[in-house]
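Okay, structure first, notes after.
What you are looking at is a predicted structure, and each value in this text was computed from that prediction instead of being measured.
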2 protein chains.
Amino acid sequence: MDTPENVEDAVEVLQKLGLNEYEAQCFVGLTRLNTGTAKKLSELTDVPRTRVYDAIRVLEVWGLVEIQHSSPQQFRAVPLEEAIATLRGQYEGYVERLHDALDTVDVVEEDDESPVQQIWAMSGQTAIENRAAQLIKKATDEIVLVIGDESLLTENLVDTLNEVDDDIDLIIGTLTEPLQEQVRAVVPDATTFVSGLEWLHGESTTENKTSIGRLLLIDRSTILVSSILPDTKKEQAIFGEGFGNGLVVIARRIMAHGLIPARDPQ
Amino acid sequence: MDTPENVEDAVEVLQKLGLNEYEAQCFVGLTRLNTGTAKKLSELTDVPRTRVYDAIRVLEVWGLVEIQHSSPQQFRAVPLEEAIATLRGQYEGYVERLHDALDTVDVVEEDDESPVQQIWAMSGQTAIENRAAQLIKKATDEIVLVIGDESLLTENLVDTLNEVDDDIDLIIGTLTEPLQEQVRAVVPDATTFVSGLEWLHGESTTENKTSIGRLLLIDRSTILVSSILPDTKKEQAIFGEGFGNGLVVIARRIMAHGLIPARDPQ
DNA sequence: ATGTTTGTAATTCTCTCAGTGACAATAGGG
DNA sequence: CCCTATTGTCACTGAGAGAATTACAAACAT
């Protein structure tokens, strides 16, 4: 059996979206066929013929396939654009329901807010990007951002940066000059520099090169530092708030030293 | 333990989005707490304390909670708007990946297209609505739509109807006059009528009232008929294409008879 | 009529998940 | 400094979903 890589990709994604293996394979199989019977499908994919029927029924409920109740039964996938629209609609619906539900619940009585050293860890590209966006929007005086990896300069981030008020200092550093050029091109209003922090390029320790992700300092009182795990490529971050926060203090000190070569635009 | 209904709702939705029970409960629990420890969480929810840690780790990878690595560890949920944005981004990403993958795969060699009676069954609100939208967009001459249930007159449907070209006959029927008024209000360009088909109001057979959903006839050659299951409220449809299609023929005949009381606007 | 195809159902094995308890490490108070 | 309650990690169990296979009855073609 042939299994083009795109097919495997699609199957994988469909499973993340909640289908099981048979269902995912059947759907992808059907998108490759104008119309198909259980037999054809089981030949094209590696779903046992006798289990195609169950899978199709589930797919039908999802709104992803149509069934012709003849004998033998014929199946066909809903046109791609329709299928995508249906899935979008489905998840948009869930997300909205969640939003509503959580909006109207929230907060149980709370005693004391601990005033101490708060350093929080989070992970995940999307989540960290969202947090960064929130912080940037909240800034009132100064934004210092160092981008350690090209892959982090996403469309979303660029949009957020370009929405920053004119009277806020926006300073963006990179680890390499090519990346600096890229930043200049897409965020013209920012002051850019190439970071003097060579250690950011990766630990010299043997193999395990943890590379820097981003470094974001807002109004000298809130800091977000992320790194990218070498194996999984997943992004991890730590996050501290408050002028007196230990992490923020260190960050300011780093800034004062090597981070920005000349304190003003080069 | 108290469990406000919204909490249960949220937990349910989160599970549909791919979290397991503990993870869902922990997240909802954390949104009710500014910050919490494993113990607090296990008291608020009914997640065993010893399993809170696993759940939180997963949530952290999803980008939904932050962890403070102190002792005891502190957890807190990402702000609601951030969480929603993260989930949206996640699923949007999946859907796009799926779109791309399927776009570049498609079609295996195909022999014959069966020219016969094709009547397809599909189900699901969203899917049927999407299909209806596609059909309406493809119409060139005439659109006849009968709406059997108020719940089907969604925003999406109204939008689609209002985008119809002026030179296409747009005829919309309802089962009741109040609903007709509603339609007139939101789709002013349509010719409306109240259907003469009393049997649409529900089978007289004992209990099992299957009520009509929608009935859509495009250019007298494509038909979509849906019904709403009385117990589950789920929508089911059958769909036929081609002027000679048996279902379409029947549909035309019904039209000629009782469906539209006076063939022209009343 | 008969042999093949088609659809349903039951069965096995595996793996995840819900739920629980054992145990070492770690506070924090006397 | 010691003792005890708290905290974090693991390992285990039973139940249920999913993957894979087989048996069998209904429908079909020749």
Side-chain angles (χ1 to χ4, degrees), chain A residues 1 3 8 11-30 33 35-62 65-76 111-112 114 116-117 121, chain B residues 1 3 7-8 11-12 14-30 33 35-62 65-76 111-112 114 116-117 121:
Chain A
M1 312 247 164
T3 45
E8 285 174 356
V11 169
E12 200 184 313
V13 176
L14 281 167
Q15 285 183 270
K16 293 208 181 185
L17 290 173
L19 297 177
N20 68 29
E21 193 181 316
Y22 288 165
E23 291 151 11
Q25 290 202 58
C26 280
F27 178 69
V28 176
L30 278 181
L33 256 33
T35 184
T37 63
K39 195 180 181 198
K40 266 203 207 165
L41 258 183
S42 81
E43 282 161 2
L44 181 62
T45 66
D46 36 37
V47 178
R49 184 188 60 83
T50 61
R51 304 300 309 283
V52 169
Y53 302 98
D54 315 64
I56 293 289
R57 260 188 285 275
V58 173
L59 287 169
E60 202 257 0
V61 171
W62 275 64
V65 312
E66 298 166 80
I67 302 179
Q68 190 175 2
H69 291 287
S70 50
S71 180
Q73 294 183 311
Q74 298 274 111
F75 313 122
R76 73 177 184 190
D111 2 311
D112 48 353
S114 54
V116 273
Q117 290 286 13
Chain B
M1 311 244 166
T3 45
V7 170
E8 285 175 356
V11 169
E12 201 184 313
L14 282 167
Q15 285 184 270
K16 295 208 181 186
L17 289 174
L19 296 177
N20 68 28
E21 193 180 317
Y22 289 165
E23 290 150 11
Q25 289 202 60
C26 280
F27 179 69
V28 176
L30 278 181
L33 256 32
T35 183
T37 63
K39 193 180 183 195
K40 266 203 208 166
L41 259 183
S42 81
E43 282 161 0
L44 181 62
T45 67
D46 36 37
V47 178
R49 185 188 58 82
T50 62
R51 304 299 308 282
V52 169
Y53 302 98
D54 315 65
I56 293 287
R57 259 187 286 274
V58 173
L59 287 169
E60 202 256 1
V61 171
W62 276 64
V65 313
E66 296 165 82
I67 302 178
Q68 190 174 5
H69 291 286
S70 50
S71 182
Q73 293 183 313
Q74 297 274 111
F75 312 122
R76 74 177 183 190
D111 1 311
D112 48 355
S114 54
V116 275
Q117 291 284 14

message = Working note: A:Trp62 + A:Leu19, criterion side-chain contact (heavy atoms from CB on, under 4.5 Å); need CA distance, chi angles, decisive distance, verdict.
response = CA-CA 9 Å; A:Trp62 275 64; A:Leu19 297 177; 3.6 Å; yes
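The CZ atom of A:Arg49 sits 10 Å away from the P atom of C:dT5 (whole-angstrom rounding). In this structure, A:Asp46 places its CG atom 10 Å from P of D:dT21, rounding to the nearest Å. The distance between atom OH of A:Tyr53 and atom C1' of D:dA25, rounded to the nearest whole Å, is 13 Å. Remark: P of D:dC12 and CZ of B:Arg51 are 14 Å apart, rounded to the nearest angstrom. Atom CD of A:Gln15 is separated from atom C1' of D:dA17 by 14 Å (rounded to the nearest Å). As rounded to whole Å, 14 Å separates atom C1' of C:dG28 from atom NZ of B:Lys39. When the C1' atom of C:dC17 is taken as reference, atom CG of B:Leu19 falls 14 Å away, rounded to whole Å. For the pair B:Leu41 CG and D:dG8 P, the computed distance is 12 Å after rounding to whole Å.
Of all nucleotides listed (D:dA19, C:dA22, C:dT6), D:dA19 comes nearest to the side chain of A:Asn20.
In terms of position on DNA chain C, the residue among A:Gln73 and B:Ser71 whose nearest nucleotide sits closer to the 5' end is A:Gln73.
Contact of B:Thr50 with C:dG21 (side chain to base): a donor-acceptor pair of N or O atoms is detected under 3.5 Å.
Contact detail for A:Gln15 and A:Ala24: the closest heavy-atom pair is CG-CB, 4.0 Å. Considering all non-hydrogen atoms of both residues, A:Thr37 and A:Pro72 come closest at CG2-CG, 4.3 Å.
A heavy-atom distance below 4.5 Å is not found between the side chains of B:Tyr22 and B:Asp54.
Within 4.0 Å of B:Pro72, counting heavy atoms only, lie sugar-phosphate atoms of the nucleic acid but no base atom. Nucleic acid contact class of B:Thr37 (heavy atoms, under 4.0 Å, all strands): none.
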